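Read the structure below first, then the notes.
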Amino acid sequence: MEYADRHEAGRVLAAQLRSLAAQRPVVVALPRGGVPVACEVARALRAPLDVLAVRKLGAPSNPELAIGAIAEGGHALLDSDSARRVGATQAQIDQIAAREVQELRRRVARYRGDRPPLEVRDRTVIVVDDGLATGLTALAAVRALRARGARTIVVAAPVGARESVSLVAEEANEVVCASIPNQLYGVGRWYRDFSPVEDDEVIALLDAAATPEQVPPADDGAAPAATPAATPAATHETVTLDAGVELTGDLVLPPHARGLVLFAHGSGSSRRSPRNREVAATLNAAGFATLLFDLLTEPESHDRRLVFDIPLLARRLELVTRIVQEDAVTRRLPIGYFGASTGAAAALRAAAAVGGAVRAVVSRGGRPDLAIDRLPQVVAPTLLIVGSEDPEVLELNRHAAAQLRNEHQVVVVEGASHLFEEPGTLETVAELARDWFDDHLQVPAPATLTATEA
């Protein structure tokens with residue numbers, strides 16, 4: 001079985017776990033990859049969702065090769081045979097474990113914040129990961145949950161190696177694995193989209209699933225108040241957009257959203273772009289709705305001429321803008337554009353066409369020069385973000401900025417290359433975008449668009 005992505009895998013897995021709903025289980029995800037899978041399981045079973053931070057212990061000469069694992073709370077296990085085969089000394093193992101403990105603490109603080117972990121004592125716990133490769137991290141999680149008093153532990157994964165399933169089954173009460181291939185060849189082999197899951201996506205999913213029992217009480221000396229109602233969760237919906245052709249989009253709508261940001265991805269990318277999704281998660285956490293959609297149909301995406309047809313892409317973005325302005329759910333929201341690479345040119349061209357209907361534009365590593373003739377008509381305040389290690393694109397952005405007549409700014413992220421792959425650089429992009437939309441999406445939504453030519 002091959003899954004489209006982790007969310008689809010979670011829905012498939014949830015169907016095999018429905019019989020456990022009557023036990024009112026707690027769903028515990030192993031971050032990061034297990035969180036999108038687990039959120040689908042928790043939603044289907046109407047169960048609370050939490051995380052249990054677990055890290056593998058990598059071999060000294062090959063960190064990708066697991067020789068053990070450690071879970072929050074200090075519960076560790078070592079595969080002595082594997083450690084012996086790679087020649088790992090006790091001193092090296094101790095050093096690796098100490099480093100991973102620091103990362104565990106960071107993740108726990110980042111993911112859970114002030115929320116206490118869910119109580120698992122005397123309860124059924126479903127441990128979810130996106131796959132069982134060695135089974136060591138899942139086994140470490142089982143031991144940590146046993147120590148916390150869990151009554152029944154079910155380990156669940158969409159795919160796993162046969163020997164790993166057997167290993168975990170020795171200590172878990174049950175292992176549910178939707179697919180056990182003859183040869184695993186790595187967990188990612190069984191997903192069409194196995195993009196990295198970033199911290200911001202984990203946090204957004206956990207925030208959306210937070211339950212009242214995880215909200216810490218205020219320490220102000222006052223008498224305890226009644227238990228508050230659960231904060232409404234953000235809604236996640238796959239939508240079909242009629243822009244002359246049927247385009248597929250992912251709409252995330254936080255409760256009381258204060259703006260809607262439409263994403264235009266770059267050439268060779270799609271609505272599943274992990275970088276755009278990380279930015280979107282930051283915007284969602286700040287209260288902005290986001291719509292990531294494919295600018296081309298699946299057959300069209302293989303035609304390189306269409307991938308670089310900026311007028312076509314801009315026209316479709318313009319049509320989608322009209323759709324969300326007419327939709328009963330989103331029409332009240334002021335609109336912004338976020339464009340990446342060539343998608344930034346499409347965003348700026350569309351912004352020039354729709355005028356005041358779009359209130360702000362952000363470009364990441366964009367090619368505004370591909371919309372150079374339309375830049376003087378852009379009225380929406382525009383932020384151009386470029387990496388310092390992307391000199392050619394930086395020069396193109398500076399030249400394009402000189403053609404803009406609106407409020408605009410060029411921000412250079414130090415140490416960043418074109419894809420913002422360096423540690424912390426994409427997080428900086430997300431924060432810059434959030435602040436720009438904070439400043440400029442604070443006005444009532446405009447009237448419905450009239451027809452224009454891109």
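None of the values given here were measured: they were computed from a predicted structure.
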Look at Arg349 together with Glu318 and state whether they make a salt bridge at an N to O cut-off of under 4.0 Å. no

Are any side-chain N or O atoms of Ser273 and backbone N or O atoms of Ser270, one a donor and one an acceptor, separated by less than 3.5 Å? no

Asn182, CG atom: more than 12 neighbouring heavy atoms under 6.0 Å: no

What is the distance from atom CD of Gln403 to atom NE2 of His408, rounded to the nearest 0.5 Å? 9.5 Å

Can a donor-acceptor pair be found, under 3.5 Å and without considering hydrogens, that links the side chain of Tyr3 to the backbone of Val12? no

Leu206 CG to Ile203 CD1 distance, which is reported to the nearest 0.5 Å: 8.0 Å

By side-chain contact (heavy atoms from CB on, under 4.5 Å), which residues pair with Glu246, not counting sequence neighbours? Thr240

From Leu132 CG over to Leu136 CG, what is the distance, rounded to the nearest 0.5 angstrom? 10.5 Å

Separation of Leu49 CG from Leu205 CG (nearest 0.5 Å): 8.0 Å

I'd like to know if the side chain of Asn284 and the backbone of Phe288 have a donor-acceptor N/O pair within less than 3.5 Å. yes

OG1 on Thr235 to CG on Leu253, rounded to 0.5 Å: 4.5 Å

Under 3.5 Å donor-acceptor, Thr330 side chain and Val324 backbone: yes

side-chain contact (heavy atoms from CB on, under 4.5 Å) evaluation trace for Val239 with Thr248: CA-CA 6 Å; Val239 296; Thr248 302; over 6 Å; no

Residue pair Leu384, Arg364: steps toward the side-chain contact (heavy atoms from CB on, under 4.5 Å) verdict: CA-CA 7 Å; Leu384 306 175; Arg364 170 183 66 80; over 6 Å; no

Give a yes or no answer on whether the side chain of Ser164 reaches the backbone of Ala133 with a donor-acceptor pair at less than 3.5 Å. yes

Test salt bridge (Lys or Arg N to Asp or Glu O under 4.0 Å) applied to Arg43 - qualifying residues, sequence neighbours left out: Glu40

Could you point out which residue of Val252, Val261, Leu262 forms a side chain to side chain contact (heavy atoms under 4.5 Å, CB included) with Leu291? Leu262

Within residues 368-397 or reaching into it, pairs that qualify as ring-ring contact (aromatic ring centres under 6.0 Å, His included) - sequence neighbours excluded: none

Donor-acceptor contact present, side-chain Ser388 to main-chain Val412, <3.5 Å: no

Phe437 pairs by side chain to side chain contact (heavy atoms under 4.5 Å, CB included) with which of Leu260, Leu432, Val362? Val362

Could you work out, with salt bridge (Lys or Arg N to Asp or Glu O under 4.0 Å) as the rule, every residue matching Asp303, not counting sequence neighbours? Arg305

Which residues satisfy the salt bridge (Lys or Arg N to Asp or Glu O under 4.0 Å) test with Glu300, sequence neighbours excluded? Arg316

Distance-only donor-acceptor pairs under 3.5 Å for side chains of residues 194-201, two or more places apart:
from   : atom 1 : to     : atom 2 : distance (Å)
Ser195 : OG     : Asp193 : OD1    : 2.4
Asp199 : OD1    : Arg32  : NE     : 2.8
Asp199 : OD1    : Arg32  : NH2    : 3.4
Asp199 : OD1    : Tyr111 : OH     : 2.7
Asp199 : OD2    : Arg106 : NH1    : 3.0
Asp199 : OD2    : Arg106 : NH2    : 3.2
Asp199 : OD2    : Arg110 : NH1    : 3.1
Asp200 : OD1    : Arg110 : NH2    : 2.9
Asp200 : OD2    : Thr282 : OG1    : 2.7

Sequence neighbours excluded, which residues qualify as ring-ring contact (aromatic ring centres under 6.0 Å, His included) partners of Trp436? His440

Quick test of your reading: applying salt bridge (Lys or Arg N to Asp or Glu O under 4.0 Å), list the pairs with at least one residue in residues 400-411, sequence neighbours left out, ordered by first then second residue. none

I need the Asp50 CG to Leu118 CG distance, nearest 0.5 Å. 4.5 Å

Just grab all the salt bridge (Lys or Arg N to Asp or Glu O under 4.0 Å) pairs involving residues 386-404, residues at least two apart or on different chains. none

Under the 3.5 angstrom rule, does the side chain of Thr382 hit a backbone N or O of Ala380 as a donor-acceptor pair? yes

Contact list for residues 334-364, test ring-ring contact (aromatic ring centres under 6.0 Å, His included), sequence neighbours left out: Phe263-Phe338

Distance alone, cut at 3.5 Å: any donor-acceptor contact between the side chains of Ser301 and Asp294? no

Quick test of your reading of the model: are Glu2 and Arg192 salt-bridged, counting only N-O distances below 4.0 Å? yes

Pairs satisfying ring-ring contact (aromatic ring centres under 6.0 Å, His included), at least one member in residues 415-435, at least two apart: none

Show every ring-ring contact (aromatic ring centres under 6.0 Å, His included) that has at least one partner inside residues 311-335, sequence neighbours left out. none

